[in-house]
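Residue numbers start from 1 in every chain, and the chains themselves are labelled A, B, ... in the order their sequence lines are given, proteins ahead of strands. No experiment lies behind these values; they were computed from the predicted model shown.
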Number of protein chains: 2
Amino acid sequence: MRQIIEERTGSHSRHPASSEPHIAHMRFTAHATVLHEGDPARRIMEVVEGAVMLTKLLPDGRRQVVELLGPGDVFGLAACDVYACSAETLTAAIITTHERGALDRDPTLAARLLRRFEAQLCAMHSHALVLGRMSALERVAFFLLRLTPESVVGSTLHLSMTRQEIADFLGLTLETVSRAFSELKRRGLVALLRADEVKIHDHGSMRRLAGAA
Amino acid sequence: MRQIIEERTGSHSRHPASSEPHIAHMRFTAHATVLHEGDPARRIMEVVEGAVMLTKLLPDGRRQVVELLGPGDVFGLAACDVYACSAETLTAAIITTHERGALDRDPTLAARLLRRFEAQLCAMHSHALVLGRMSALERVAFFLLRLTPESVVGSTLHLSMTRQEIADFLGLTLETVSRAFSELKRRGLVALLRADEVKIHDHGSMRRLAGAA
DNA sequence: CGGAATCTTGACGACGGTCAACGCTGGTGG
DNA sequence: CCACCAGCGTTGACCGTCGTCAAGATTCCG
């Protein structure tokens, strides 16, 4: 168990003249649990800085990482009145929260979250295609491209996830993920500087593998 | 090719004193294509009545049904400026559309769509767990329960999808779906009256198979 | 330097995909 | 009215991808 929670509720700072009195900025270390699947869903969360993953568990312990979140992304959702996913930080992160009631009172906030929900829903649609129809190699290629912003095309990409976490995201086992990395390396599409540092050499072939997504 | 489009743009009716002049209600037959992945994303759609499925395609033709929609559900989303998914009706359906700009102008509409997006995002999270971590039998059990509203517990459930469509939804092949149905029947969990009419006998075992979701 | 955690690689097996034949059902036309 | 045909579903045999189990390799840290 390495998710030691160290939840310095950093700047709980209510600016004297803040227009949003119930906002709480929280600072988390890497590998901290932010919230638990099944807990009562009080607030909606938003990533300000860092990376967060959402996970779901089956009764027998099988795990799926359902979403990877970055700055601006929203989580803490609920179909009924409890959180549908657990959330863990992948890196150090800053998270802000919104009262659920604020959505009705603050149209600006609602409009922003709406736009973000749309983007996340589209990302989930892509992810369904990956999980339902792609081979192991294709999934890993897709994963690497997804983590590559246009700025980092030539340079080296840092994965802040273990093979197990990547596997749980892609619906594979850690061994299969490892084999896929090796195969991509063998084919000259990527270079593995370290286990968690990848350089993409053949961007075109990678895109083709990932289904030109 | 059976998606014959018969798109009687039924009540394009602008009520004399309507507050939403750009609303268009459209009536579709079953198996009609409502919109195409890749087309310019002009409007946001909402299911009023009937069932709609959203699909994504890989360049080589592999297909994934990413979402099943019923009344109230929203589609026609776009990460950039084109639709991310195609949409086809499963049954006869009535669909209404909203101008994208209306979301900023109409806070009531925005609040309603926000709530619906949240529900659909949660459904996608469950679906990711299904696609990533469940066996074929579990997937089919999950699928059948998902289609069973509490009202239809004792009675018979009508599937308005072919085996191929179910397979594309669950990330399987049509043969595997067929085998899973037969296996559920063999175990006495369901009865197959016809290929598209199912009665669930052992609801408890089904829930256990589906991961008590 | 040593030990724990993570990653890689190999051997093997199972689940589900592929290919193929057959059955059922509903619609059309003779 | 019945026969035929087309589309969909079922079942079987076989095979490939990926999961499982296990043994090393590597990295990181004290």
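For the pair B:Arg100 and A:Glu118, the salt-bridge criterion is met [side-chain N within less than 4.0 Å of a carboxylate O]. A salt bridge links A:Arg133 to B:Asp168: at least one charged side-chain nitrogen sits closer than 4.0 Å to a carboxylate oxygen. Between A:Glu183 and A:Arg187, at least one side-chain N (NZ, or NE/NH1/NH2) sits under 4.0 Å from a carboxylate O, which counts as a salt bridge.
Atom-to-atom, CG of B:Leu192 to C1' of C:dC24 comes out at 14 Å; the value is rounded to the nearest Å. Between B:Asp60 atom CG and C:dT18 atom P the separation is 11 Å, expressed in whole Å. Per the geometry, CD belonging to A:Gln164 stands 10 Å off P belonging to D:dT20, to the nearest Å. Atom-to-atom, CD of A:Glu165 to C1' of C:dC7 comes out at 14 Å; the value is rounded to the nearest Å. Going from atom CD of B:Glu138 over to atom P of C:dG16 covers 9 Å, rounded to whole Å. Between the P atom of D:dT17 and the CG atom of A:Leu170 lies a distance of 18 Å, rounded to the nearest Å. If you measure from atom CZ of A:Arg139 to atom P of D:dT17, you get 14 Å, rounded to the nearest angstrom. Atom CG in A:Leu174 sits about 13 Å away from atom P in D:dC21, given to the nearest Å.
Listed nucleotides: D:dG19, D:dT10, C:dT8. Nearest to the side chain of B:Ser182: D:dT10. Each of D:dG19, C:dC7, D:dT10 was ranked by its minimum atom distance to the side chain of A:Thr162; first place goes to C:dC7. Side chain of B:Ser135, nearest nucleotide from C:dC7, C:dG16, D:dC21: C:dG16. Of the listed nucleotides (D:dC18, D:dG9, D:dG19), D:dC18 has the atom at the smallest distance from the side chain of A:Ala136.
Looking only at atom types and distance, the side chain of B:Glu46 has a donor-acceptor partner in the side chain of B:His98 under 3.5 Å away.
Ranked by how close their nearest DNA chain C nucleotide is to the 5' end, A:Arg133 and A:Lys185 are led by A:Lys185. For the pair A:Arg194 and A:Val177, both in contact range of DNA chain D, the more 5′-proximal nearest nucleotide belongs to A:Val177.
Judged by the 6.0 Å and 45° rule, B:Arg163 forms a cation-pi pair with B:Phe181.
B:Leu172 comes within 4.0 angstrom of the backbone, heavy atoms only, and of no base. Residue-level contact check: A:Arg179 touches the bases, meaning some heavy atom is under 4.0 Å from a base atom.
Summarising the local packing, CZ of B:Arg115 is surrounded by 12 or fewer heavy atoms from other residues, nucleotides or ligands at distances under 6.0 Å.
Each end of the helix from C:dC1-D:dG30 to C:dG30-D:dC1 gets its own axis from five base pairs, and the two axes differ in direction by 30°, given to 10 degrees.
Judged by distance alone with a 3.5 Å cut-off, no donor-acceptor contact links the side chain of A:Glu175 to the base of C:dC7.
For the pair B:Arg139/B:Val177, no side-chain contact is recorded, criterion being any heavy-atom separation below 4.5 Å from C-beta on.
Note on A:Ser178: every side-chain N or O is 4.0 Å or more away from OP1 and OP2 of C:dC7. For the OP1/OP2 pair of D:dG19 and a distance below 4.0 Å, the side-chain nitrogens and oxygens of A:Thr176 include at least one atom meeting the criterion.
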Please step through side-chain hydrogen bond (donor to acceptor under 3.5 Å, both in side chains) for the pair A:Glu67 and B:His125, ending with a clear verdict.
CA-CA 8 Å; A:Glu67 216 173 341; B:His125 290 160; 2.6 Å; yes

